[in-house]
Every structure is written in structure tokens, then in C-alpha cells.
Amino acid sequence: MDNKPEGYYYVPQPIRNDGAGGVDKGPRDIMRDLENPDMLVPPITDAGLLPNLKFSFSDTHMTLNNGGWSREITVRDLPIATTLAGVNMSLTPGGVRELHWHQQAEWSYMLIGHARITAVDQNGRNFIADVGPGDLWYFPPGIPHSIQGLEDGCEFLLVFDDGHFSDLNTLSISDWFAHTPKDVLSSNFGVPMSAFNHIPKEQVYIYQDKVPGPIETQQVQSPYGKIPQTFKHSLLAQTPIKTPGGSVRIVDSTNFPISKAIAAALVEIEPGAMRELHWHPNNDEWQYYLQGTGRMTVFAGNGTARTFDYRAGDVGYVPFANGHYIQNTGNETLWFLEIFKSDRFQDVSLNQWMALTPSELVKSNLHVGPELLNALRKEKWPVVKYPGFSYYPR
């Protein structure tokens, strides 16, 4: 392609190497086809029909406010994703996601910048902390909290344990005040009704404020003390599981005890490597792609399999117990999150399963010989890379 004239770009066609397919001469979105090569030309091993397992935040509605923006992916956008919903949010320096609470658990991963989070539990114990890139927070259902951008602003991913969740339908302090008679507010707080003359007339959601001072100046002492289990976890500071080709950091209730409803893994896949063939025995998998490009084939049984291409900003989904892999199809490291509605992260390795099964049984089942059987590993490698057997883009 280096010798092509200026302005030239490759026009992919729905034609497989075995001759199947034909030229598409009609109206088409060529840039979209370039982003989805395995949907335009599915691998010959794809078969049958699966629901759509991909949606991009770039294709969602953006809610803009003074102080930041948000966009979300729910069952409205990705109907298969019933277990979890995601919100991508950004706050300006000083921008505030107002005081609010949810009926759902909230799990978050900080993508860029820094924020201050606050919360109070049901026993009057409070929590105030600053979070930065690679940090998590988790608020159980019903726990009131807030988020505010610091000097550099911030962008983060929010995940909720209900695919029908919408962040625009949360329980907000401004919305409750606006829909409570002022005489009731007066009686509740013991102040004149005039104290509420300037309260918002509707939900504020996100608003612009000044950047808060150092955290030491913002501490509020509760007579009941601080929360016994932290709402914050530094995922990037966690020692990863390293294997040839990448790494995995797992976070669930075993190392982040407050996170009772959501478990996750941060996966790093180097060029030429892949997240091994595996499945999850406890729940559906909701994915968020942070960097790079990849592809995933999902096997649903009964001769059904479908391949999807993913890039940064995409959400992927794998139904409960469906077999799959994620292969790095680019020249840069692929990073993504695997997230589950569960208190524990669990996966089953195809390689490890075969290695721990009598070899005669595996041999007779698959009609394979020593070349494969002797290469099986009893130890699990979440990410694999074998020189001479790895995928690299053409």
C-alpha cells in the first residue's frame, strides 16, 4: 500500500479466499466495513445466528451539561446485555455528578484524570477519597454518593448490575427537593421555607462548580466513624498475572470486599497474542475495550458461532457459559475489561480442562495425537502467545 497514489484506500469486498461471496457494488459504508472485516467476511467456521454482541459508545446519544457529559449502553442499545449496563462519563475540572443514589450497585473504572468521590453508608459512616487512572470505586445499592472532577478533569466508565438501568433515572437530591413541598422541607430541616427559595426546579444531574481544595480541607468527621470497607481499589497497582503475551488483573470480593455484585478483570494482550479459548461458568460477560483492536468468536453450541471485531470505546457481550477467545488484531497492545454480575471472577480454560482429562479420552474424542496432547498445560494461562503460531496483521 506504500506505493499507492495519494488518497487511495483499500475497498474491502465480501469475498472469502475459498471463492464464496461477491463484489458489493451497491450503497455501502466502506469505513464501517473496514472496521468490521470479520463481519463483512466471516471466518468459514462461523455458522448459524447469534444476537448482536457489540455496540459502540460512539453510536449512543450524548447528554451534554455545563460541567460534563455522559452516554450509556443499556438493553435499549444492546438487547442481549441484560445483566449489566454501562455509562461513559466525563467531568470538567470542578464538574460535579450531583449527590444521588441508585437501586443498583455502581462499579467504576477511572480512564483519564482525577476525581473526588464521597459517600455515606446506612450507619452514618462517611467516605471521601481521590481517585485517578486505573482506580476503581464501588457503591452498593442505596448508598448516596457524588463524583467531582479535580484540576485535570476526568473520564470514567460506570457499570451497573442491571441491563435496564439508565443513569438519567437515578434518585437525585435536587430532583427530590424539587418534588417535595417547601413546608415539608421546612419541617424536616427546622428552617424557614425561604431557605428553599432558590433550590433547582428539576434534576441537576451534572453541573459546573469550582475545583475543590486539597482533600485534607474537605474532610468531614462523622460521630460514627469511617466506613469499615473502603469503596476504592487501585487496580493498576495490583500485581498482575503475567503470561507469555500479556497479563490479567482480577478484582472481585476476595480482594475488594465491598464489591459484592460485580467482579472484573483487566486484560492486556500484546500484538500476536490472544485471550485463550475459555468460558465463564457463573454469569454473562460484559466487555469494555480500552485500547487497540481485537476480534472475538463466540461459540453458542449446536453448531452456532459468530465473529465480531472490536476497537477502543466498544462494548462486547458474551452470554453465560458460551465459549470464546479475544485475539489482538492490531500492532499495539489490546486492553479491555471483562465484567460480571457476580461476587467472584471465574473462568474455565479449554487447554487446562483437556490437560486434566485422561489423554486417551481426549484423543478418542477429537482424533488428535501426541503433537497436541503433549503440548497441553495443566496450569492456566489466561493470555497465550506461541512463536510461529501467533496472529499478526497482514
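Only heavy atoms go into these numbers, but all of them, side chains included; no hydrogens, no water, no symmetry mates.
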Asks: As a quick check of understanding, evaluate side-chain contact (heavy atoms from CB on, under 4.5 Å) for M193 and L185, giving each step before the final call.
Replies: CA-CA 7 Å; M193 287 193 291; L185 293 172; over 6 Å; no

Asks: Hey, is OH on Y392 packed in by over 12 heavy atoms from elsewhere, all under 6.0 Å?
Replies: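 It does: Y392 OH has more than 12 such atoms within range.
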
Asks: Would you please test K341 and D284 for side-chain contact (heavy atoms from CB on, under 4.5 Å) and show each step?
Replies: CA-CA 7 Å; K341 184 176 180 177; D284 297 3; over 6 Å; no

Asks: Does the Lys NZ or Arg CZ of R97 fall within the cation-pi geometry relative to F156 - under 6.0 Å from the ring centre and within 45° of the axis?
Replies: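 Checked: cation-pi criterion not met.
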
Asks: Under 4.5 Å between side-chain heavy atoms, counting indirect links through other Ile/Leu/Val/Met/Phe/Trp/Tyr residues: same cluster for W335 and V318 or not?
Replies: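 Yes.
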
Asks: Which residue pairs pass the ring pair (Phe, Tyr, Trp, His ring centres under 6.0 Å) test with at least one member in residues 37-66, sequence neighbours excluded?
Replies: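 For residues 37-66, and leaving out neighbouring residues, the ring pair (Phe, Tyr, Trp, His ring centres under 6.0 Å) pairs sorted by first residue read F57-Y288.
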
Asks: If a pair satisfies salt bridge (Lys or Arg N to Asp or Glu O under 4.0 Å) and one of its residues is in residues 300-310, list it, with sequence neighbours excluded.
Replies: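 For residues 300-310: none.
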
Asks: Evaluate whether atom CD of Q122 has more than 12 neighbouring non-hydrogen atoms of other residues, nucleotides or ligands under 6.0 angstrom away.
Replies: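 Result for CD/Q122: enclosed.
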
Asks: Answer whether the closest heavy-atom distance between the side chains of L111 and N88 falls below 4.5 Å.
Replies: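 Side-chain contact under 4.5 Å: yes.
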
Asks: Taking everything shown except Q103 itself, do over 12 heavy atoms lie less than 6.0 Å from its CD?
Replies: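 Check fails, neighbour count at 12 or below.
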
Asks: If two hydrophobic side chains count as joined below 4.5 Å and joins carry through other members, does Y109 share a cluster with I112?
Replies: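 Yes, it is one cluster - the side chains of Y109 and I112 are joined through contacts under 4.5 Å.
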
Asks: If every non-hydrogen atom of F231 is compared with every non-hydrogen atom of P140, which pair is closest and at what distance?
Replies: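 What the structure gives for the nearest pair is CE2-CD, 3.7 Å.
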
Asks: Once rounded to the nearest 0.5 Å, what's the spacing between atom CG of N65 and atom OG of S90?
Replies: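 Here the interatomic distance stands at 11.5 Å.
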
Asks: On a heavy-atom basis, which atom in L158 and which in F160 lie closest, and how many Å separate them?
Replies: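 That would be CB-CE1, 3.6 Å.
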
Asks: In Å, rounded to the nearest 0.5 Å, how long is the span from OH of Y325 to NE2 of H278?
Replies: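 Spacing of OH (Y325) from NE2 (H278) equals 12.0 Å.
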
Asks: Under 3.5 Å, is there a donor-acceptor pair between the N302 and T304 side chains?
Replies: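 No pair is found: no donor N or O on one side chain lies under 3.5 Å from an acceptor on the other.
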
Asks: Do Q327 and R295 have side-chain N/O donor and acceptor atoms under 3.5 Å apart?
Replies: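 On atom types as modelled, these side chains qualify, holding a pair under 3.5 Å.
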
Asks: What I'd like to find out is whether the side chain of H114 reaches to under 4.5 Å of the side chain of P133, using heavy atoms alone.
Replies: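 Yes - at least one pair of side-chain heavy atoms lies under 4.5 Å apart.
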
Asks: For the residue pair W279 / E285, report whether a side-chain donor-acceptor contact shorter than 3.5 Å exists.
Replies: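 The criterion, which ignores hydrogens and geometry beyond distance, is not satisfied for W279 and E285.
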
Asks: Take atom CG in N17; do more than 12 heavy atoms of anything else shown fall under 6.0 Å from it?
Replies: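 No - once you tally the heavy atoms of other residues, nucleotides and ligands closer than 6.0 Å, there are 12 at most.
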
Asks: Would you kindly say whether S342 and N283 are connected by a side-chain donor-acceptor distance under 3.5 Å?
Replies: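 No, N283 and S342 have no side-chain donor paired with an acceptor closer than 3.5 Å.
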
Asks: Using the ring of each side chain (for Trp, its six-membered ring), is F345 parallel, tilted or perpendicular to H280, with breaks at 30° and 60°?
Replies: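 Ring orientation, 0 to 90° scale: perpendicular.
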
Asks: Counting only heavy atoms not in M62, do more than 12 sit closer than 6.0 Å to its CE atom?
Replies: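 Check passes, neighbour count above 12.
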
Asks: Under the salt bridge (Lys or Arg N to Asp or Glu O under 4.0 Å) rule, what pairs show up with a residue in residues 321-338, not counting sequence neighbours?
Replies: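 As it turns out, the salt bridge (Lys or Arg N to Asp or Glu O under 4.0 Å) pairs with a partner in residues 321-338, which skip direct neighbours, are R275-E338.
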
Asks: Determine, step by step, whether L376 and L372 satisfy the side-chain contact (heavy atoms from CB on, under 4.5 Å) criterion, reporting the C-alpha distance in whole Å, the side-chain angles of both residues, the deciding distance to 0.1 Å, and the verdict.
Replies: CA-CA 7 Å; L376 296 175; L372 174 62; 4.2 Å; yes

Asks: I need the D24 CG to I30 CD1 distance, nearest 0.5 Å.
Replies: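 CD1 of I30 is found 8.5 Å from CG of D24.
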
Asks: Start with the C-alpha distance between S222 and N126, add both sets of side-chain angles, then the distance that settles side chain to side chain donor-acceptor pair (under 3.5 Å), and finish with yes or no.
Replies: CA-CA 7 Å; S222 168; N126 65 343; 4.8 Å; no

Asks: Can you say whether the rings of Y138 and F256 are parallel (under 30°), tilted (30 to 60°) or perpendicular (over 60°)?
Replies: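 Aromatic pair Y138/F256 classed perpendicular.
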
Asks: So V248 and K380, side-chain contact (heavy atoms from CB on, under 4.5 Å) or not? Walk me through it.
Replies: CA-CA 12 Å; V248 176; K380 185 186 295 182; over 6 Å; no

Asks: Under 3.5 Å, side-chain donor or acceptor atoms of residues 257-272 against the rest of the protein: list the pairs with distances, not counting sequence neighbours.
Replies:
from	atom 1	to	atom 2	distance (Å)
S259	OG	I262	O	2.6
K260	NZ	P257	O	3.2
E268	OE1	S247	OG	2.5

Asks: Which pairs of donor and acceptor atoms, one on a side chain in residues 208-216, lie under 3.5 Å apart (sequence neighbours left out)?
Replies:
from	atom 1	to	atom 2	distance (Å)
Q208	OE1	T92	OG1	2.5
Q208	NE2	P93	O	2.9

Asks: Does CG belonging to N66 count more than 12 external heavy atoms closer than 6.0 Å?
Replies: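 No, because the 6.0 Å sphere around CG of N66 holds 12 heavy atoms or fewer from other groups.
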
Asks: Check the angle between the aromatic planes of F177 and F189 and answer parallel, tilted or perpendicular using the 30° and 60° thresholds.
Replies: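 Aromatic pair F177/F189 classed tilted.
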
Asks: Does the separation of the ring centres of H100 and Y205 fall below 6.0 angstrom?
Replies: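 No - the distance between ring centres of H100 and Y205 does not fall below the 6.0 Å cut-off.
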
Asks: For the residue pair L277 and N351, establish whether any side-chain heavy-atom pair is separated by less than 4.5 Å.
Replies: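 Contact flag for L277/N351 side chains = no.
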
Asks: State the CD1-CZ distance between I250 and R344, to the nearest 0.5 angstrom.
Replies: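 Interatomic distance, I250 CD1 to R344 CZ, rounded to 0.5 Å: 11.5 Å.
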
Asks: Which residue, D38, T297, N36, forms the side-chain hydrogen bond (donor to acceptor under 3.5 Å, both in side chains) with T307?
Replies: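 With T307 as partner, side-chain hydrogen bond (donor to acceptor under 3.5 Å, both in side chains) holds for just one option, T297.
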
Asks: What distance do R125 atom CZ and Y224 atom OH have between them, rounded to the nearest 0.5 Å?
Replies: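 One gets 11.5 Å once the value is rounded to the nearest 0.5 Å.
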
Asks: Surrounding NZ of K226 (heavy atoms of other residues, nucleotides or ligands, distance under 6.0 Å), is the total greater than 12?
Replies: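 Atom NZ in K226 is not packed in, count stays at 12 or less.
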
Asks: Working to the nearest 0.5 angstrom, can you tell me the gap between I147 CD1 and M110 CE?
Replies: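 Output value for this atom pair is 7.5 Å.
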
Asks: Return all side-chain donor-acceptor pairs below 3.5 angstrom for residues 353-366, not counting sequence neighbours, or 'none' if the list is empty.
Replies:
from	atom 1	to	atom 2	distance (Å)
T357	OG1	W353	O	2.7
S364	OG	E360	O	3.2
S364	OG	L361	O	3.1

Asks: May I ask you to check whether over 12 heavy atoms, not counting those of E202, lie within 6.0 Å of atom CD?
Replies: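 Atom CD in E202 is not packed in, count stays at 12 or less.
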
